[in-house]
There are 2 protein chains.
Amino acid sequence: MQRRRPTIHEVAKVAGVSISSVSRALNGNTSNAEMVARVEAAVQQLGYVPSQVAQSLKTRHTAQVAFAMEDIGNAAYLEMVRQIQPVLRDAGYRLLLHSTGADVEDEVSVLDSLSQNYVDGLILCPLRVTGRHVAALRETAVPVIVIGLLPDDVSVDNVRADSRVGARMAVEHLYAAGARRIAFIDGPIDTVPGEARYAGYRAGLAACGLPLDDDLVEFADFQFESGRRAAREVLTRTDVDAVFGANDLIAMGTLHALRELGRTVPDDVRVVGMDDTTLAATSFPPLSSVSLGSADRGRIAAKLLLARMNGDDSPPERVTVPPSLTIRESSR
Amino acid sequence: MQRRRPTIHEVAKVAGVSISSVSRALNGNTSNAEMVARVEAAVQQLGYVPSQVAQSLKTRHTAQVAFAMEDIGNAAYLEMVRQIQPVLRDAGYRLLLHSTGADVEDEVSVLDSLSQNYVDGLILCPLRVTGRHVAALRETAVPVIVIGLLPDDVSVDNVRADSRVGARMAVEHLYAAGARRIAFIDGPIDTVPGEARYAGYRAGLAACGLPLDDDLVEFADFQFESGRRAAREVLTRTDVDAVFGANDLIAMGTLHALRELGRTVPDDVRVVGMDDTTLAATSFPPLSSVSLGSADRGRIAAKLLLARMNGDDSPPERVTVPPSLTIRESSR
DNA sequence: TTGAAAGCGGTACCAC
DNA sequence: GTGGTACCGCTTTCAA
């Protein structure tokens with residue numbers, strides 16, 4: 001292993017033709033079938049593979065696209081990846097994943113450098129959008145699609161979810177199922193999703209004519225364990241006949257807390273989660289969950305990016321993917 | 001956006017020096033502090049970012065590493081990614097993920113082309129190892145680390161789990177807990193893990209003095225739904241007091257099948273899974289599972305690869321990470 | 001120290 | 001149709 005790779009010159013020598021002819025034959029820019037055959041024989045014999053680095057330098061095109069997100073371990077991003085990957089692969093692009101690790105500086109540096117290097121396009125899921133993000137977005141050398149909220153004055157293609165409406169849907173569904181004391185376990189209130197989901201929860205209560213009771217609300221950090229703790233807190237503190245968890249992990253923690261407290265689901269307490277990850281379908285009982293359309297957002301972003309990389313220069317698009325509720329046993 | 005990027009020539013012109021000097025200043029190969037300052041000012045002013053493509057062509061070094069696996073959605077691979085990513089990033093490499101989609105052709109083509117292009121190294125998790133894999137492995141232009149089983153005569157660094165021993169541990173644990181009719185829901189028998197786990201299951205039975213009963217064995221495809229179906233099959237076909245699922249998804253499917261059939265866990269039937277993913281801890285009841293050390297394997301593979309890329313040419317290593325069993329309620 | 005120039009491995013234009 | 005050659009943007013000798 002680790003042998004030096006043959007170059008186009010060696011292929012040319014073996015085939016007894018010029019490098020121009022080799023290049024043409026390899027790229028289908030010749031009509032001489034015999035030439036193609038000779039070149040291919042030489043390629044075969046040498047095990048030649050064109051250097052994509054050299055091709056990129058010349059063609060200014062890397063056949064790579066980056067997807068930068070907070071954490072590849074997050075199920076929602078994972079779902080996006082699974083949608084983005086095939087779309088881009090079919091179009092001949094490799095996908096490069098970049099976990100920013102929730103670091104804003106790192107995110108900006110991805111924009112600054114990654115976006116200008118080695119990729120033909122970038123899909124970015126920013127946690128928060130800072131002034132530096134905006135500045136960097138204006139300077140990028142390649143098309144960028146942002147998944148998530150973006151200030152209105154930034155003219156970049158943008159695909160967003162609507163977790164506010166999604167949260168409201170969850171509350172209205174629980175109300176329709178008969179619940180009147182609907183608890184809410186949110187993520188951190190100082191994050192974009194945490195804040196939007198809380199707003200949606202309040203909107204849902206208002207729409208149903210229910211009062212906002214602070215005893216029914218608790219904040220966790222979008223993880224299973226902290227969700228369980230927060231749920232225990234609320235469940236022992238006040239009367240509850242339904243719990244809406246701000247994501248599926250929190251809802252799963254809630255299911256465990258309920259079980260520990262001897263409450264049954266959905267008879268005593270109904271539960272709804274959010275994100276509709278695979279966790280929801282495999283939990284016991286299967287968890288109702290509001291999907292924010294991660295898969296759709298990923299697919300749409302990929303297609304949008306593809307169009308931009310193909311030279312589409314119509315005005316920036318702003319797509320909002322509507323949420324949808326999947327009702328399973330936990331709230332039936 | 002989409003402005004043309006400045007090149008080193010423009011920086012040189014603005015700074016009033018030659019491109020050689022710019023290059024030197026940027027790479028710390030000069031001792032003239034004033035020169036560095038002038039160049040940096042020009043860089044700042046122009047927003048210059050060196051083209052990594054051009055650098056790579058010259059230096060034959062891309063600062064990229066690929067990790068090719070079956071499906072990034074699989075929790076075990078995800079865990080590897082989370083370990084590999086930081087190790088490589090700290091060493092200045094970007095990680096490129098490639099989901100092969102369980103397609104052998106695709107896997108080989110990754111070896112053939114990706115390994116020779118655009119990356120300085122490759123970590124590969126092959127599902128099956130074919131003759132073509134072996135041939136491709138001998139030809140690679142960059143270091144490759146294989147995670148998973150590899151024929152002994154292939155001299156490539158190899159980090160492996162021991163799912164055979166892991167499966168045996170599961171069976172012995174279930175036997176010790178009192179089970180005598182231990183069913184096994186395997187993945188496809190023609191995959192490396194499927195085969196190894198089956199062998200481990202048989203070894204476990206033998207060690208416990210239990211007979212091998214074909215009625216107790218069923219094959220699924222490592223997914224939740226097919227695991228559930230296969231479990232139903234076995235559970236309705238014969239007498240069972242324990243089920244060992246070849247991965248956590250299959251075991252989760254088994255838990256659901258048991259519930260549908262009105263059997264309780266662990267009282268009627270004990271269940272053990274494999275891979276010890278986050279699913280195991282959040283399931284109901286929490287699932288006992290054999291960890292194959294995915295995180296460790298990922299970390300070790302990354303470090304091995306780093307060493308190889310740094311020129312380490314000692315004989316190929318073969319590391320085996322031992323399995324470990326985490327006992328939770330499902331088999332208590 | 002600094003600048004000129006020769007590549008790295010391709011592509012594509014240009015004469016022939 | 002084919003081969004010679006000028007780049008792509010950078011690094012790195014080599015002289016000055």
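Since this is a predicted model, take the numbers as computed values, not measurements. Throughout, a chain's letter reflects where its sequence line sits, starting with A, and its residues are numbered from 1.
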Please give the angle, rounded to 10 degrees, between the axes at the start and the end of the helix from C/dT1-D/dA16 to C/dC16-D/dG1, where five pairs define each axis.
50°
Applying side-chain contact (heavy atoms from CB on, under 4.5 Å), run through B/V321 and B/D162 and close with a yes or a no.
CA-CA 7 Å; B/V321 175; B/D162 197 337; over 6 Å; no
For the CD atom on B/E195, are there more than 12 heavy atoms of other groups (residues, nucleotides or ligands in this structure) within a distance under 6.0 Å?
no
Using a 4.5 Å cut-off on heavy atoms from C-beta on, say whether the side chain of [Y] contacts that of [X].
{"X": "A/V49", "Y": "A/R5", "answer": "yes"}
{"X": "A/P126", "Y": "A/V146", "answer": "yes"}
{"X": "A/M69", "Y": "A/I123", "answer": "no"}
{"X": "A/Y93", "Y": "A/Q64", "answer": "no"}

Under-4.0 Å side-chain N/O to phosphate OP1/OP2 contact, B/S21 with C/dG3
yes
Whole Å only: how far is the CZ atom of A/R38 from the C1' atom of D/dT2?
12 Å
If the sugar-phosphate is the primed atoms plus P, OP1 and OP2 and the base is the rest, what is the B/S/- string for nucleotides 8-16 of chain D, using protein heavy atoms under 4.0 Å?
BBBBBB---
Start with the C-alpha distance between B/S314 and B/D312, add both sets of side-chain angles, then the distance that settles side-chain hydrogen bond (donor to acceptor under 3.5 Å, both in side chains), and finish with yes or no.
CA-CA 6 Å; B/S314 52; B/D312 174 359; 2.8 Å; yes
Correct closest heavy-atom pair for A/N27 and A/S23 would be ND2-O, 2.8 Å
List the atom of B/T62, the atom of B/Y118, and the distance in Å for their closest heavy-atom pair.
OG1-O, 3.2 Å
Is there a donor-acceptor contact under 3.5 Å linking the side chains of A/R160 and A/N158?
yes
Of residues 30-37 of chain B, the positions that come close to DNA chain C - non-hydrogen atoms, cut-off under 4.0 Å
B/T30, B/S31, B/N32, B/M35
